[in-house]
Undergrad: 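Quick one: this structure, given as structure tokens, is what I'll be asking you about.
Order of appearance sets the numbers: ligands from 1, and atoms from 1 within every ligand. None of the values given here were measured: they were computed from a predicted structure.
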Amino acid sequence: MQPIHPALAGLAARLALADEVAEALATSRPVVALESTLISHGLPYPQNVEVARAAEAAVREAGAVPATVAVERGVVLVGLDEARLGALATASGVRKVSRPTLAGALADGILGATTVSASMVVAAAAGIRVFATGGIGGVHRGAFEPSGPPGPARRPPSLDVSVDLEELARTPVAVVCAGPKAILDVPATLEILESRGVPVVVIGADEVPGFVSRSSGVPAPQSVVDVAGAARLARTHLGLGLGSGLLVCVPIPAGDELPRDEAEAAIARATLEAEATGVHGPATTPWVLRRVAELTDGRSVRANVALIINNARVAGVLAAAL
Ligand code: PSU
Ligand code: MN
């Protein structure tokens with residue numbers, strides 16, 4: 001195991017690699033890191049555990065070794081066995097761990113699920129260059145503008161911008177996703193990624209994918225026709241040593257998508273309800289995802305599952321090509 005840069009030696013010393021992951025890294029075989037917050041907080045049981053297994057299988061079929069990341073008893077696990085996957089999917093009170101809460105989770109010795117930001121930096125510490133998720137966090141709606149009804153209930157800008165964007169700016173890992181989560185302000189998310197020097201490339205489309213839908217209405221900053229094209233770009237970008245990661249966006253397969261109008265109607269309603277309920281901070285994303293699932297009779301969950309597995313497969317092919 002060789003951390004991507006020396007400053008991560010401290011984190012590297014806290015990693016517990018699964019045998020298979022350690023062996024693959026030692027022999028320079030492709031590895032794909034996977035996050036675990038989507039298991040503990042992003043999807044209901046039993047779809048969460050099914051998707052975790054299916055994503056790992058998809059990485060394997062593509063010729064790479066999966067390394068799902070989580071935190072337990074003061075160490076960072078890189079590669080989970082079946083029992084731990086099950087615990088993350090079913091235990092109550094699993095903590096959502098991102099860059100700002102990684103130290104707290106390790107110091108407290110709790111069981112924690114890692115978000116994109118924490119999983120990415122762990123991947124970098126382990127020397128893993130490719131990471132897959134469903135959708136990244138980004139600029140929440142109402143982050144920069146007042147939101148809610150006019151009058152006393154109107155809320156000031158929340159400034160809620162996911163640390164996932166900061167992580168992409170400072171950690172040189174290729175992140176495969178189906179676009180920013182549709183519950184976000186997608187154009188603002190793309191603006192921040194550009195400002196922070198993160199290349200965004202879309203495979204096989206000229207629009208940024210809209211997570212559960214294929215389109216978002218936002219033009220792709222860059223497009224490539226296939227995974228090989230994304231691999232060329234990733235190799236070049238990571239080879240330059242600019243320090244940032246890159247975002248590789250893959251549209252959800254056509255047969256699995258939720259029509260954009262339907263997704264948007266549910267998201268708009270769930271977002272208003274979240275504001276009215278007073279939910280904020282790290283609880284926002286899980287709350288809104290759960291409410292959108294209810295409002296779409298589970299169709300958003302089916303789409304979310306399909307896109308996660310598809311992204312894992314693409315990440316496996318990308319890792320093998322690198
Ligand atoms: N993608 C999904 N479902 C999720 C998430 C991503 O399909 O639940 C999680 C990721 O772990 C991501 C996190 O890093 O949501 C972002 O949370 P926040 O907006 O609080 O930064
Ligand atoms: Mn947030």
Undergrad: Looking at E207 and R214, does any basic side-chain N land under 4.0 Å from a carboxylate oxygen?
TA: no

Undergrad: May I ask you to check whether V116 has an N/O atom sitting below 3.5 Å from an N/O atom of ligand 1?
TA: yes

Undergrad: Might you point out which heavy atoms bring L295 and A266 nearest each other, and give the distance in Å?
TA: CD1-O, 3.5 Å

Undergrad: side-chain hydrogen bond (donor to acceptor under 3.5 Å, both in side chains), that's the test. Do E257 and S213 meet it? Break it down for me.
TA: CA-CA 5 Å; E257 79 166 332; S213 317; 4.8 Å; no

Undergrad: Strictly below 4.0 Å, N to O, side chains only: are R291 and E273 in salt-bridge contact?
TA: yes

Undergrad: Mark up the atoms of ligand 1 that fall under 4.0 Å of a heavy atom belonging to G134, in ascending order.
TA: 7 (O)

Undergrad: Checking a contact table here: which protein heavy atom is nearest atom 21 (O) of ligand 1, and how many Å away?
TA: S162 OG, 2.6 Å

Undergrad: For a distance under 2.8 Å, give residue and atom name for each protein N, O or S atom next to the Mn ion (ligand 2).
TA: D160 OD1

Undergrad: What residue and heavy atom of the protein are closest to atom 17 (O) of ligand 1, and at what distance?
TA: K96 NZ, 3.1 Å

Undergrad: Looking at atom 14 (O) of ligand 1, what's its closest protein heavy atom, distance included?
TA: D164 OD2, 2.7 Å

Undergrad: Short list, please: which atoms of ligand 1 are under 4.0 Å from a heavy atom of H140?
TA: 19 (O)

Undergrad: Look at atom 11 (O) of ligand 1 and say which protein heavy atom is nearest, naming residue and atom and giving the distance to 0.1 Å.
TA: E35 OE1, 2.6 Å

Undergrad: Nearest non-hydrogen atom to atom 8 (O) of ligand 1 belongs to which of P286, A113, G42?
TA: G42

Undergrad: Taking the side chain as every heavy atom from C-beta outward, state whether L88 and V94 have any atom pair closer than 4.5 Å.
TA: yes

Undergrad: What about N304: any of its N or O atoms under 3.5 Å from an N or O on ligand 1?
TA: yes

Undergrad: Decide yes or no on side chain to side chain contact (heavy atoms under 4.5 Å, CB included) for R269 and V292, but give the supporting numbers first.
TA: CA-CA 8 Å; R269 182 163 160 202; V292 169; over 6 Å; no

Undergrad: Evaluating non-hydrogen atoms only, which member of H41, R290, K181 is closest to atom 9 (C) of ligand 1?
TA: K181

Undergrad: Going by the order shown, which atoms of ligand 1 are within less than 4.0 Å of some heavy atom of F211?
TA: 7 (O)

Undergrad: Check T115 against ligand 1 and report side chain, backbone, both or neither, counting heavy atoms closer than 4.0 Å.
TA: both

Undergrad: What atoms of ligand 1 come within less than 4.0 Å of a heavy atom belonging to L38?
TA: 3 (N), 4 (C), 8 (O)

Undergrad: Side chains of F211 and N304: does their closest heavy-atom pair fall under 4.5 Å?
TA: yes

Undergrad: side-chain hydrogen bond (donor to acceptor under 3.5 Å, both in side chains), that's the test. Do T68 and E56 meet it? Break it down for me.
TA: CA-CA 8 Å; T68 305; E56 292 201 348; 2.7 Å; yes

Undergrad: Report the part of T285 (side chain from C-beta onward, or backbone N, CA, C, O) that has a heavy atom under 4.0 Å from ligand 1; answer both or neither where that applies.
TA: side chain

Undergrad: Classify the contact between L289 and ligand 1 as side chain, backbone, both or neither, using a heavy-atom distance cut-off of under 4.0 Å.
TA: side chain

Undergrad: Do E166 and R99 sit within salt-bridge range, that is, some charged N less than 4.0 Å from a carboxylate O?
TA: no

Undergrad: Within the supplied structure, the quantity of interest is the number of heavy atoms (other residues, nucleotides, ligands) at a distance under 6.0 Å from E23 CD; does it exceed 12?
TA: no

Undergrad: Have a look at V139 and tell me which of I192, L159, L184, L193 forms a side-chain contact (heavy atoms from CB on, under 4.5 Å) with it.
TA: I192

Undergrad: Report yes if S117 has an N/O atom closer than 3.5 Å to an N/O atom of ligand 1; otherwise report no.
TA: no

Undergrad: Is it true that E20 and R60 have a side-chain N and a carboxylate O under 4.0 angstrom from each other?
TA: yes

Undergrad: Considering only NZ, NE, NH1 and NH2 on the basic side and carboxylate oxygens on the acidic side, decide whether R95 and D108 come within less than 4.0 Å.
TA: yes

Undergrad: Looking at R155 and E275, does any basic side-chain N land under 4.0 Å from a carboxylate oxygen?
TA: no

Undergrad: What is the closest protein heavy atom to atom 2 (C) of ligand 1, and at what distance does it sit?
TA: G135 N, 3.9 Å

